[in-house]
Amino acid sequence: MTGAFLWQLAHPWRRGLMVLMLILLAQSLAALALPWLAGQLGAGFLESATGQGRVWPLVAAILGLLVLQAGLSAGAALLYAANAEAILAALRLRLFGHLLALPLPWHQGQERGSLMALATLEIERLGHFITGTLVYLAPLLLTAGGATVALFLLDPALALLVPVLVPGFYILTRLVGRRLRGLGQQIQSEHAAATTRVEEMLDLLPALKSFAVEPAEAVRHATGIDRLRRLSLREARLHALIDPAMGLAVSVAAVVLLVAVGRKLQSGDMGAAETISFLMYIALLVRPVSQLASVYGQVQTVRGTLARLQAVLETTPEPPAAGTLPPRAKGEVTFDAVTFAYPERGAALRGLSLSIAAGETVALTGPNGAGKSTAIALLMGFQRADAGRILLDAQDIATMPPDHLRRQIGLVPQTRHLRNASVRDNIAFGRDGATGAQVEAAARIAQAHAFILGLPQGYDTLIGDRGLRLSGGQQQRIALARALVGDPAVLILDEATSMFDTEGEAALVAECREALAGRTVIIVTHRPATLALADRVLRLEDGRIVEDI
Ligand code: ADP
């Protein structure tokens with residue numbers, strides 16, 4: 001199963017990879033020819049004067065083959081680099097693009113660190129595996145197989161030792177390989193957990209400091225890191241034992257053969273040419289055999305990566321962007337008997353019906369868990385209704401491309417999503433290609449223009465990681481400007497103004513009201529002062545509207 005998936009991943013590069021493999025095969029053939037030529041050369045020197053005539057053409061042939069091998073090596077290295085880098089870049093882009101396209105609910109069910117590890121370290125290993133290991137497999141087998149056949153031709157009795165020694169070697173590798181594989185998977189998941197903890201720590205730093213729980217956090221990390229250290233150490237120990245043991249096994253086998261060859265040479269059963277060739281074929285055999293053993297280990301590691309990559313890439317993404325710009329909607333929003341439940345949870349919305357006229361300012365209120373955020377997530381198309389319909393200007397949003405739908409709606413979310421970029425870029429983020437004038441206009445509506453001009457470099461001021469260099473209220477105003485920069489027909493403030501004090505929120509809404517005319521505004525709030533400013537208040541309880549005033 002993973003084999004088919006691997007083939008599908010490598011398919012676009014099959015030509016380059018095939019050429020690389022052919023070069024490597026040619027290299028193997030050259031390597032296989034050398035021991036034979038060297039044997040002939042040795043024999044030529046030892047034989048009678050008539051035999052000496054063969055020496056110089058043989059030397060020329062050997063030198064020619066060596067030059068050819070060097071040339072093939074250079075070609076293979078260049079092709080390897082070109083293919084490996086191309087495959088790696090494409091895999092990285094494909095995974096990144098797919099992660100971007102996967103729906104939010106899918107992401108909510110994932111462990112971030114594990115995705116990070118997959119997108120960085122693991123995918124890199126996979127790229128090198130495809131080019132560096134898979135492609136080298138056939139040439140390795142050719143060299144190993146060719147050398148074995150040559151040994152048989154030279155001396156069948158002695159060569160019989162080789163198939164006895166090689167499978168023994170493989171059984172050893174397999175046994176150890178299984179243990180290494182289990183360890184590898186444990187290390188991978190500990191590594192992912194460690195990445196997640198670092199990320200969370202950076203994310204939660206203000207909270208950690210305010211509760212003064214830094215020591216507990218450090219201990220939590222230390223426990224995990226210790227597990228990672230012990231697992232990695234165990235892996236290193238296995239390698240420390242196995243690798244020299246295998247090397248030793250190969251060398252001992254070579255010595256055994258060497259002694260056997262020496263005796264045959266001594267008794268005259270084997271000529272000089274055969275002896276030289278035989279020894280060189282054995283030397284030729286050692287490297288591919290140990291490389292084939294390490295391929296086995298690599299396959300075990302890559303299998304886990306492939307399975308996880310396949311699971312991600314085969315999860316259905318959201319429909320692609322339509323590419324065109326939709327005409328601006330009027331902004332009429334209707335929920336028609338909408339029912340929705342999160343997986344393995346009771347219903348969050350139970351036949352929710354509401355209609356909001358274009359240009360209306362509506363407050364959505366109700367106790368925690370009433371379903372307000374869920375209703376917003378459905379309206380944004382992040383989640384799909386189980387039953388019922390949601391209409392924007394009489395069009396069912398289920399039939400709209402997600403990017404069209406989301407261009408009509410400006411969302412100021414509960415959590416802030418500012419980047420480490422200039423104020424201007426943070427506002428323009430809401431719409432690709434927004435001009436300076438559009439950014440400024442949006443900032444004016446959001447009552448942010450004045451304070452932005454007061455910043456050291458105005459609109460070009462960098463606002464630091466996640467906007468930490470701004471006050472909460474300022475961050476919210478920038479988030480509001482970002483939502484407005486695309487001139488959406490519907491604006492949603494999802495408890496967005498929670499950073500303000502009561503008057504602050506009402507003041508912002510009051511100040512913005514005029515500028516917001518001409519678009520539908522949905523404010524999720526508990527604040528009475530804000531409720532008072534709305535044209536209408538919808539009260540949600542237990543997944544349905546209980547009051548509409
Ligand atoms: P509100 O925004 O009014 O506080 P929500 O829409 O967040 O309410 O929640 C409605 C119900 O759905 C609650 O019972 C809540 O526990 C549940 N819920 C919200 N988000 C999720 C989620 N991602 N997964 C599972 N259940 C959720």
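FYI, the numbering just counts along the sequence from 1. One-based numbering, in listed order, for ligands and for the atoms of each. Only a predicted model underlies this, so the values are computations on that prediction, with no experimental measurement involved.
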Ligand 1 atoms in contact with P367 (distance to a heavy atom under 4.0 Å): 3 (O)
Heteroatom proximity flag, A348 to ligand 1, N/O under 3.5 Å: no
Identity and separation of the nearest protein heavy atom to atom 7 (O) of ligand 1: S373 CB, 3.7 Å
Atom 19 (C) of ligand 1: nearest protein contact (heavy atom, Å): Y342 CE1, 3.3 Å
For N368, the ligand 1 atoms whose distance to one of its heavy atoms is below 4.0 Å: 4 (O)
Atoms in ligand 1 with a heavy atom of A370 nearer than 4.0 Å: 1 (P), 3 (O), 8 (O)
Identity and distance of the protein heavy atom lying nearest atom 10 (C) of ligand 1: G369 O, 3.5 Å
Residues E122, R125: salt bridge by 4.0 Å N-O rule: no
R92 with E124: basic N within carboxylate O range, under 4.0 Å: yes
Electrostatic pair K209-E217, nearest N-O below 4.0 angstrom: no
Side-chain ion pair, R406 and D403, N-O less than 4.0 Å: no
Protein heavy atom at shortest distance from atom 15 (C) of ligand 1: R345 NH2, 3.9 Å
List the atom pairs, with distances to 0.1 Å, where a side-chain N or O of residues 93-101 and a protein N or O form a donor-acceptor pair under 3.5 Å, not counting sequence neighbours.
residue: H98; atom: NE2; partner: V312; partner atom: O; Å: 3.2
residue: H98; atom: NE2; partner: L313; partner atom: O; Å: 3.3
residue: H98; atom: NE2; partner: T315; partner atom: O; Å: 2.9

Heavy atoms of other groups near H404 NE2, more than 12 under 6.0 Å: yes
For atom 9 (O) of ligand 1, closest protein heavy-atom neighbour: T374 OG1, 3.7 Å
Test item, A375 contacting ligand 1 (heavy atom, 4.0 angstrom): no
Test: E199 and R197 ion pair at under 4.0 Å: no
Close approach of G371 to ligand 1, heavy atoms, under 4.0 angstrom: yes
Charged N-O contact under 4.0 Å between D494 and K372: no
